[in-house]
Student: 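The structure's right below; bear with me while I get my questions together.
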Amino acid sequence: MWDYSDKVKEHFFQPRNAGVLADANGVGDVGSISCGDALRLMLKVEPETDIILDAHFQTFGCGSAIASSSALTEMIKGKTLDEALKVSNQDIADYLDGLPPEKMHCSVMGREALQAAVANYRGEVWSDDHEEGALVCKCFAIDAVLIEETIRANDLTSVQDVTNYTKAGGGCSSCHEGIEEILVKVMSERGEAFKPGTPAKEEAKPAGMTNLQRIRKIEAVLEMVRPQLKRDGGDIELVDVDGKTIYVNMTGACAGCQMEALTLQGIQQKLMEELKEFIKIVPTKAGALSRATCHP
Amino acid sequence: MEGIYFDNNATTRVDEAVVEAMLPYFTEQFGNPSSMHSFGNKVGLAIKKARMQVQELLGAEHDSEIIFTSCGTESDSTAILSALKAQPERKEIITTTVEHPAILTLCAYLEKEGYKVHYLKVDGKGRLDLDEYKKLLSDQTAVVSVMWANNETGTFFPVVEMAELANAAGAMFHTDAVQAVGKVPLNLKDTKIDMLSVSGHKLHAPKGIGVLYLKRGTRFRPLLRGGHQERGRRAGTENTTSIVGLGKAAEMALEAMAFENTEVARLRDKLEAAILAKVPRSFVTGNPDNRLPNTSNIAFEFIEGEAILLLLNKFGIAASSGSACTSGSLEPSHVMRAMGIPYTAAHGTVRFSLSRYSTEAEVDRVIAVVPEIIAQLRKLSPYWEGDGPAAEPEKAFAPTYA
């Protein structure tokens with residue numbers, strides 16, 4: 001069974017704003033019946049102010065699809081359309097205290113329903129640029145279509161390349177066989193044979209970041225999480241960045257906290273999302289030493 | 001744990017008598033059956049007894065036709081790979097579109113290795129076309145692998161007849177019978193079935209034990225090579241406790257065979273008829289006239305199966321579904337797709353699978369709960385309006401990228 005958060009369960013068992021909204025003036029129908037998830041979002045917008053007075057949904061889908069729909073309606077009520085459009089799929093997932101990676105597409109669907117409903121209200125045609133293939137990398141929720149297109153567009157030749165460009169395969173590595181298969185297929189299209197052991201292309205910093213930009217970005221992410229750590233009487237500081245390894249110092253209550261591993265994992269995930277590359281976060285010896293003194 | 005367990009095609013509880021039979025083989029009877037001393041000897045005798053108990057359940061001619069393995073999947077892989085190794089000149093496999101992944105994933109892998117795999121189609125009720133099958137059989141066919149009963153719908157395939165046809169074409173015949181063994185009387189000595197897979201945990205034995213039936217005279221190549229265990233056909237120290245447990249479970253299954261086919265079938269029929277009568281726009285998938293006595297697979301249109309399971313679970317009821325979301329894939333059950341069940345129904349299929357431990361009170365409870373769960377979810381469905389589906393549901397809701 002999926003590991004759903006209590007918040008997901010609560011929104012599934014007691015969905016808010018379910019059912020038809022009779023006087024809706026913006027409706028968005030999105031989803032895929034073959035995948036088993038589809039959603040109708042209905043908005044009642046006040047024309048003078050663009051404020052969303054009410055939002056309802058109807059969903060054909062699983063527990064997390066229903067929960068994401070319910071969360072979305074709660075999040076956008078009272079907002080103006082422009083404010084509402086700033087709600088990202090990650091915001092929906094965060095509101096629900098997270099979704100399993102295989103279920104992130106449920107939050108994406110919520111975000112797309114919102115775009116479609118707003119477009120409908122404004123009399124625009126919303127077209128979807130979304131193409132979803134079979135999920136290959138479950139750690140980072142990367143599907144086959146994205147991997148295929150990235151290999152094609154960048155002439156990639158190795159699994160490491162694919163990981164560098166898409167993150168796919170950068171986690172547990174159980175999908176490497178699947179990535180190799182896609183490489184074989186795409187490379188044979190351009191008349192090449194896939195050779196295992198081909199060195200990765202030079203590890204260009206993704207998105208063309210300089211070292212300085214990259215470190216600034218890392219610092220910015222750490223700044224983001226610090227207030228929360230400080231609330232719990234702890235802190236984190238950046239010690240060094242060596243390639244894909246980021247060394248940090250956990251101080252105060254964070255050092256040696258039983259939740260340290262979990263906290264670091266969360267920060268690592270955030271860093272990977274921001275940097276769009278696979279990195280590893282490692283607490284330094286200094287941190288380990290203070291742990292040793294705390295817990296002899 | 002309290003609760004209503006109607007998911008016995010997934011796995012079953014180990015009978016207490018089975019546990020009791022196993023316990024001495026963890027402690028005082030811990031010996032290795034291959035050893036010369038008396039610690040091993042008694043264990044060897046216990047395995048011999050278990051082998052005969054399984055032989056009895058399968059109606060096999062010789063006890064040496066029973067090879068103990070670690071699970072149904074190992075038995076399936078051993079059978080198919082053995083058939084290919086033993087007949088290198090034959091490069092084709094015939095199977096069906098609705099097999100268990102233990103067969104389908106292996107076949108997909110073998111296709112990459114250069115074998116030709118033919119997948120027999122099924123009709124709307126999950127039945128095979130034997131004419132199509134006959135046309136595909138040739139001197140290139142190494143092995144035919146067709147399940148005895150489908151795990152999702154319970155539908156039987158005519159494996160005894162199909163084995164005769166394979167035999168006439170000089171091909172080996174294997175059947176994945178993990179769902180049928182213990183629920184269907186078997187008499188393998190009177191069939192042309194060469195190989196058959198059994199999984200212990202489907203018939204109230206523990207997980208981690210299986211059987212490959214191998215008819216005497218069938219050419220064989222082991223998957224695991226090493227020691228002389230199982231007459232060199234499956235090396236590796238025997239899982240003695242589980243083998244003893246499976247023997248006991250086989251004996252009990254044989255005793256309960258009539259009960260499974262009368263009382264369990266009656267409860268299943270009652271459950272199914274009541275749900276169909278109370279829930280509009282629901283139907284049985286597979287072939288209700290020819291299926292396992294314990295299985296009912298019902299499609300509830302316009303809603304999604306994982307949501308149904310989560311609500312059932314809230315009421316302490318365990319079942320399973322063919323929806324994409326429960327499998328972690330993006331497609332609903334390949335069995336439902338193969339039968340041409342539309343997406344709006346395939347995602348809403350729920351399998352109830354009973355056992356001889358299921359009670360009338362449990363059935364009544366499920367009958368009472370299911371209609372309100374379905375109604376509750378349909379209220380959320382964009383295909384549903386008030387008390388019925390929207391007029392022309394597919395037009396009333398046609399989302400982007402459908």
Side-chain angles (χ1 to χ4, degrees), chain A residues 1-2 4 8-9 12-13 15 17-20 27-42 56-67 69-70 100-103 105-106 109 112-113 115-116 125-135 138 143-144 177 181 184, chain B residues 7 105 108-109 112 300-315 318 320-333 336-337 342-349 373 376-386 389-390 393-402:
Chain A
M1 189 153 277
W2 300 108
Y4 285 138
V8 172
K9 287 183 202 156
F12 169 66
F13 288 126
N17 314 308
V20 176
V27 177
D29 289 355
V30 299
S32 161
I33 291 308
S34 67
C35 298
D37 280 315
L39 154 66
R40 168 175 291 166
L41 179 69
M42 293 154 276
H56 274 220
F57 76 92
Q58 285 178 298
T59 293
F60 172 95
C62 60
S64 55
I66 289 171
S69 310
S70 166
E102 289 88 342
K103 298 290 193 171
H105 66 271
C106 294
M109 187 172 77
E112 289 175 343
Q115 291 172 321
V125 178
W126 179 76
S127 69
D128 147 67
D129 54 357
H130 178 116
E131 198 174 344
E132 197 168 14
L135 196 61
K138 292 191 175 168
D143 66 52
E177 186 182 352
E181 279 168 19
V184 169
Chain B
D7 199 11
T105 311
Y109 168 75
K112 283 191 263 171
F300 299 102
E301 288 187 86
F302 309 119
I303 50 176
E304 198 274 343
E306 189 212 273
I308 303 173
L309 295 189
L310 288 172
L311 286 174
L312 282 171
N313 188 53
K314 207 177 158 207
F315 287 92
S320 52
S321 164
S323 89
C325 275
T326 53
S327 63
S329 72
L330 290 169
E331 277 274 305
S333 141
M336 298 303 147
R337 294 305 299 146
Y343 283 120
T344 45
H347 284 291
T349 52
I373 287 180
Q376 185 183 337
L377 286 172
R378 279 179 175 164
K379 269 191 220 149
L380 302 180
S381 169
Y383 291 105
W384 205 256
E385 272 174 16
E394 316 283 335
K395 277 189 196 158
F397 183 66
T400 321
Y401 71 83

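Per chain, numbering begins at 1; letters A, B, ... match sequence-line order. Everything numeric in this text was worked out from a predicted model, so none of it was measured.
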Student: Taking atom NZ as the centre, does Lys395(B) end up with more than 12 heavy-atom neighbours from other residues, nucleotides or ligands that are less than 6.0 angstrom away?
Tutor: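 Atom NZ in Lys395(B) is not packed in, count stays at 12 or less.
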
Student: With a 4.5 angstrom heavy-atom cut-off, which part of Pro15(A) approaches chain B: side chain, backbone, both or neither?
Tutor: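 The answer is the side chain of Pro15(A).
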
Student: Identify the two heavy atoms, one from Phe12(A) and one from Leu310(B), that lie closest to each other, and give their separation to 0.1 Å.
Tutor: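 Looks like CE2-CB, 3.5 Å.
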
Student: Is the number of heavy atoms from other residues, nucleotides or ligands under 6.0 Å of Tyr109(B) OH greater than 12?
Tutor: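 Result for OH/Tyr109(B): open.
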
Student: If we ignore hydrogens and angles and just use 3.5 Å, is the side chain of His347(B) paired with the main-chain N or O of Ile33(A) as donor and acceptor?
Tutor: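 Checked: pair present.
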
Student: Counting only heavy atoms closer than 4.5 Å, note whether Gln376(B) contacts chain A via side chain, backbone, both or neither.
Tutor: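 It is the side chain, since no backbone atom gets that close.
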
Student: Would you confirm whether Gln58(A), through its side chain, and Leu380(B), through its main-chain N or O, come within 3.5 Å as a donor-acceptor pair?
Tutor: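 Checking the backbone N and O of Leu380(B) against the side chain of Gln58(A), no donor-acceptor pair under 3.5 Å is found.
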
Student: Measure across Glu306(B) and Lys103(A) and return the closest heavy-atom pair with its distance rounded to 0.1 Å.
Tutor: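 Smallest interatomic distance, heavy atoms only, reads OE1-NZ, 2.6 Å.
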
Student: Checking Tyr4(A) against chain B: side chain, backbone, both or neither under 4.5 Å from a heavy atom?
Tutor: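 The side chain, not the backbone.
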
Student: Rounded to the nearest 0.5 Å, what separates atom OG1 in Thr59(A) from atom CD in Glu304(B)?
Tutor: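 Between atom OG1 of Thr59(A) and atom CD of Glu304(B) there are 11.0 Å.
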
Student: Can you list everything that forms a ring pair (Phe, Tyr, Trp, His ring centres under 6.0 Å) with Tyr383(B)? Sequence neighbours excluded, please.
Tutor: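 Once residues adjacent in sequence are excluded, the partners of Tyr383(B) under the ring pair (Phe, Tyr, Trp, His ring centres under 6.0 Å) criterion are Phe60(A), Phe302(B), Phe397(B).
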
Student: Pro399(B) and Ala38(A): which non-hydrogen atoms are nearest, and at how many Å?
Tutor: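 Closest heavy-atom pair between Pro399(B) and Ala38(A): CG-CB, 3.9 Å.
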
